[in-house]
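Heads up: the structure comes next, in structure tokens.
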Amino acid sequence: RSLWTLQKYSDCIRLLSDLQEEFPGEEEILRLLETARDEEAEQGRRQSLEKARSLLAAGRHQESIALLLELQKQFPADNEIAILLDEAHVDQASQRRLQGLGEARRLLAGRRCDECIILLTRLQQEFPNESEIAKLLEAAREAEVNQRRQQHVAKARKLLVARRYE
């Protein structure tokens, strides 16, 4: 009972298994052994959920999702695991969206319009209802048009200057 109170379930299970060998027909030992195994599994579930939450809070989505998927195999009917798994996927997608938008802004600021448009097009496919992506994509396309216009004007000036000196 003291092992049980201290939540040392593996020691408790080992002791109850030894008692079961000594007293094979004792119903109370069987019941206590089953309860101890259930409690040990529940303790492991709680600890794994806590670890998954910590990983998620630290932004370590892949590790959190992997742990939750493994936990879901052990406890398929557990709604808490399913909810946390869904939260992890939503948070991961949000993180991808924010990182993608940040990268797109850097590309646009660096006048790397083609790369920016490719990235934003990919983001728009993943997040079709995100208005910020659409606005930034439109700005990138306008910047690309302006950039090409400036390149053509500069090229025309060079040709004009070259003809004047011939």
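Predicted model only: the values in this text are computed from it and were never measured.
Leu32 and Leu30 fall into different hydrophobic clusters, where Ile, Leu, Val, Met, Phe, Trp and Tyr are joined by side-chain heavy atoms under 4.5 Å apart, directly or via other members. By the criterion of side-chain heavy atoms lying less than 4.5 angstrom apart, applied directly or through intervening Ile, Leu, Val, Met, Phe, Trp or Tyr residues, Leu69 is not grouped with Leu55; the two fall into different hydrophobic clusters.
The CG atom of Asn79 sits 11.5 Å away from atom CG of Leu84, with the distance rounded to the nearest 0.5 Å. Here the straight-line distance linking atom CZ of Arg111 with atom CG of Asn146 works out to 9.0 Å at 0.5 Å rounding. From Ile81, atom CD1 reaches atom CG of Asp86 across 13.5 Å, with rounding to the nearest 0.5 Å. Note that CD of Glu26 is 10.0 Å distant from CZ of Arg31, once rounded to the nearest 0.5 Å.
Not counting sequence neighbours, the partners of Arg106 by the side chain to side chain donor-acceptor pair (under 3.5 Å) test are Glu103. Remark: Gln99 pairs with Gln95 by the side chain to side chain contact (heavy atoms under 4.5 Å, CB included) rule, at least two apart or across chains. Remark: Lys73 engages Glu70 in a salt bridge (charged side-chain N to carboxylate O under 4.0 Å, His left out) (not counting sequence neighbours). Residues passing the side chain to side chain contact (heavy atoms under 4.5 Å, CB included) test with Ala134, sequence neighbours excluded: Gln124. Not counting sequence neighbours, Glu87 has no partner by the salt bridge (charged side-chain N to carboxylate O under 4.0 Å, His left out) test. Among residues two or more places apart in sequence or in another chain, the salt bridge (charged side-chain N to carboxylate O under 4.0 Å, His left out) test is passed with Glu126 by Arg96. Every salt bridge (charged side-chain N to carboxylate O under 4.0 Å, His left out) that Glu132 has, sequence neighbours left out, goes to Arg105. Residues that satisfy the side chain to side chain contact (heavy atoms under 4.5 Å, CB included) test with Glu138, not counting sequence neighbours, are Glu142.
Residue Leu107 is found in a hydrophobic cluster whose other members, listed by chain and number, are Leu101, Leu108, Ile117, Leu119, Leu120, Leu123, Phe127, Ile133, Leu136, Leu137; membership requires side-chain heavy atoms under 4.5 Å apart, directly or through intermediates. Other members of a hydrophobic cluster containing Ile118 are absent, since no ILVMFWY side chain comes under 4.5 Å of it, directly or through relayed contacts.
Side-chain contact check for Glu80 versus Leu49: some heavy-atom pair is nearer than 4.5 Å.
Using a 4.0 Å cut-off between charged side-chain N and carboxylate O, Arg46 and Glu42 make a salt bridge.
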Derivation and outcome, side-chain contact (heavy atoms from CB on, under 4.5 Å), residues Arg45 and Gln74: CA-CA 9 Å; Arg45 183 192 74 83; Gln74 296 171 17; over 6 Å; no

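Listed by first and then second residue, the salt bridge (charged side-chain N to carboxylate O under 4.0 Å, His left out) pairs that reach into residues 145-156 are Asp114-Arg148, Glu144-Arg148, sequence neighbours excluded.
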Exercise answer: donor-acceptor pairs, residues 58-68 side-chain atoms, under 3.5 Å, sequence neighbours excluded:
| unit_1 | atom_1 | unit_2 | atom_2 | d |
| --- | --- | --- | --- | --- |
| Arg60 | NE | Glu63 | OE1 | 3.4 |
| Arg60 | NE | Glu63 | OE2 | 2.8 |
| Arg60 | NH2 | Glu63 | OE1 | 2.6 |
| Arg60 | NH2 | Glu63 | OE2 | 3.4 |
| His61 | ND1 | Gly59 | O | 3.2 |
| His61 | NE2 | Asp91 | OD2 | 2.7 |
| Gln62 | OE1 | Gln92 | NE2 | 2.5 |
| Ser64 | OG | Ala52 | O | 3.0 |

